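One structure is given here, and the rest of the page talks about it.
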2 protein chains.
Amino acid sequence: MITLTEENYIKAIYHLGKYGVDNVSTNSIAKEMETKASSVTDMVKKLSDKGYANYKKYQGVTLTEEGKEIAINIVRKHRLWEVFLVEKLNFSWDEVHEVAEQLEHIKSKKLISQLDAFLEFPTHDPHGDPIPDKTGKINKIDKILLSETIIGDQCICVGVQDSSSDFLKYLDKNKIALGTELVVSHREPFDNSITIKIKNKELIISNMIANNLFVKVS
Amino acid sequence: MITLTEENYIKAIYHLGKYGVDNVSTNSIAKEMETKASSVTDMVKKLSDKGYANYKKYQGVTLTEEGKEIAINIVRKHRLWEVFLVEKLNFSWDEVHEVAEQLEHIKSKKLISQLDAFLEFPTHDPHGDPIPDKTGKINKIDKILLSETIIGDQCICVGVQDSSSDFLKYLDKNKIALGTELVVSHREPFDNSITIKIKNKELIISNMIANNLFVKVS
DNA sequence: ATATATTTTTAGATTAATCTAAAAATATAT
DNA sequence: ATATATTTTTAGATTAATCTAAAAATATAT
């Protein structure tokens, strides 16, 4: 049996290891899990003993295939529940994370396959992140950060990097949602802020915001 | 903060104390929780310290008002989730218990109030048990056990005492569901079995079955 | 290349929940 | 009313997850 805590560590290692091929460091896990490095060392040994992680002292950690499967299944559950909360229970996209963090640990294959069908097999969650299918396949789309666009790019918003409530509320306030179309009209060299046009209305966006919004250039 | 284990003990004490006014015994809790009496003693002290239970050594335990509120809220969540599983995710009534046991611990007021609305404020769960409203009020209907009926009673099935999979599957097999109308036509003194008529078809029912099916006499 | 800083691990303690075995209290039988 | 049986509690140990403080290993700076 896998404990709740083990699941959370596996998930953290998965998210930290997603980019780059490097091993995940003890400290980065400790930060992500809001715990101490010594606790991470203990747990990482345990995950290694159980076959979920590859670990060599002082060398950091990666997930085994089995560990990766578990992580992807948790991500799948998390994102399906987020869709449920937004589509069926009228949650807004900045309210779903905490609840999904709890729901993602419910153990029942039938529950998830039925939920998936009930939601009509969604491919992306409310933040634009892809939902792994039941075999673990993740359908990545070629999105880039708004900060990486060039002047004149015609874009459509497809996701957010950060899904904190503050950021999402900022987007709501400025009428930016997934699917919103925009054109990049100016970049200010001094602070890297970007001017975008949405339906011919101009909006100035800080570099920090642009670094957290994914778009697809058409 | 209240832990998962504490919630489960509170729920067990609530269910055991529901009938009769007696204090709930250490042993009965141990049986219900599938644990040892010594573990129960420890936990019951803790619940008492936290103000959820009244406990005097060797005298058994009752819930405080606060404990009762917590218990009723768990029951509410459990039953709402059961309705969700059956109505929306096509679970059958014998499959919902284990999953609802997990879902009942999810903490989010908004989740439950929205779920309640999404299900259109159901009053009973798939086993006929009443769903407490958000203030904790439980709408009891005057049901009796089929074993308590007398010959000639015209009844409608309104609930089950036992919601084990085996029992529910027996009912399915014999086309007995909540809402099914039946007439009590004979009682066999030797084994207390009962003959009932459903749509003029006769069916002989053991005393054990009759002891687990609630009906309303019309 | 070595000193210094940073990261990681180890050792030993703590808390929550559990257990076994024995002791204490209560209930039951005659 | 007392012996016996049953129930409950206590004492002390165990496991999972965590912590602090110190030691060990690795990385960085000059």
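Source: prediction; values computed, not measured. The sequence lines fix the lettering, A, B, ..., with proteins before strands; numbering per chain opens at 1.
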Next on the checklist: For a quick check of understanding: with a heavy-atom distance under 4.0 Å over all strands, which category does B:S39 fall into, base, sugar-phosphate or nothing?
Outcome noted: base
Checklist entry - The side chain of A:K57 lies closest to which of these nucleotides: D:dT9, C:dT18, C:dT10? => result C:dT10
Checklist entry - Does NZ belonging to B:K57 count more than 12 external heavy atoms closer than 6.0 Å? => result no
Distance-only check: which donor-acceptor pairs under 3.5 Å involve side-chain atoms of residues 141-151 of chain B, not counting sequence neighbours?
residue: B:S147; atom: OG; partner: B:N211; partner atom: OD1; Å: 2.9
residue: B:E148; atom: OE1; partner: B:L145; partner atom: N; Å: 3.0
residue: B:T149; atom: OG1; partner: B:L146; partner atom: O; Å: 2.6

Next on the checklist: What is the distance, to the nearest angstrom, from the CG atom on A:N27 to the C1' atom on D:dA25?
Outcome noted: 14 Å
Checklist entry - What's the shortest heavy-atom distance between B:C157 and B:A177, and which atoms? => result CB-O, 3.4 Å
Next on the checklist: Counting Watson-Crick and G-U wobble pairs with both distances under 3.5 Å, what is the dot-bracket string for DNA chain D, 5' to 3', using [ ] for crossing pairs and | for pairs to another strand?
Outcome noted: ||||||||||||||||||||||||||||||
Item to check | Sugar-phosphate only, base, or nothing, as touched by A:T5 at under 4.0 Å among non-hydrogen atoms | outcome: sugar-phosphate
Checklist entry - Taking NZ from B:K45 and P from C:dT15, how many angstroms apart are they, rounded to a whole number? => result 17 Å
Checklist outcome for this item: Rounded to whole Å, CD of B:Q59 lies from C1' of D:dT9 at a distance of 13 Å
Checklist entry - Start at the 5' end of DNA chain D and walk down; is the nucleotide closest to B:K56 or to A:A37 reached first? => result B:K56
Checklist entry - Reckon B:T26 touches a base, only the sugar-phosphate, or nothing at all at heavy-atom distances under 4.0 Å? => result sugar-phosphate
Checklist entry - Does B:E7 pair with B:K107 as a salt bridge, N-O distance under 4.0 Å? => result yes
Checklist entry - Of the candidate nucleotides C:dT26, D:dT18, D:dT8, which contains the atom at the shortest distance from the side chain of A:M43? => result D:dT18
Checklist entry - How close or far is atom P of C:dC19 from atom CE of B:M33, stated in whole angstroms? => result 10 Å
Item to check | Under-3.5 Å donor-acceptor pair between B:S38 side chain and C:dT18 base | outcome: no
Next on the checklist: What is the separation between atom OH on B:Y58 and atom C1' on C:dA25, rounded to the nearest whole Å?
Outcome noted: 4 Å
Item to check | Among A:T41, A:V61, A:T35, the one residue meeting side-chain contact (heavy atoms from CB on, under 4.5 Å) with A:I29 | outcome: A:V61
Item to check | Contact under 4.0 Å: B:Y9 side-chain N or O vs C:dA16 OP1/OP2 | outcome: no
Checklist outcome for this item: OG1 (A:T62) and NZ (A:K68) are apart, to the nearest 0.5 Å, by 7.5 Å
Item to check | Heavy-atom pair of closest approach, residues A:D116 and A:P122 | outcome: OD1-CD, 3.6 Å
Next on the checklist: Rounding to an integer number of Å, can you tell me how far B:I2 CD1 sits from C:dT15 P?
Outcome noted: 20 Å
Item to check | Out of C:dT20, D:dC19, D:dA24, whichever nucleotide has its closest atom nearest the side chain of B:K36 | outcome: C:dT20
Checklist entry - Could you give the CG-to-C1' distance, from B:N23 to D:dT7, as a whole number of Å? => result 15 Å
Checklist entry - So does B:S25 get a side-chain nitrogen or oxygen closer than 4.0 Å to the phosphate oxygens (OP1/OP2) of D:dT7? => result no
Checklist entry - With no hydrogens and no angle check, do the side chains of A:H105 and A:N8 hold a donor and an acceptor under 3.5 Å apart? => result yes
Next on the checklist: Rounded to whole Å, please give me the gap between CD in B:E6 and P in C:dT18.
Outcome noted: 10 Å
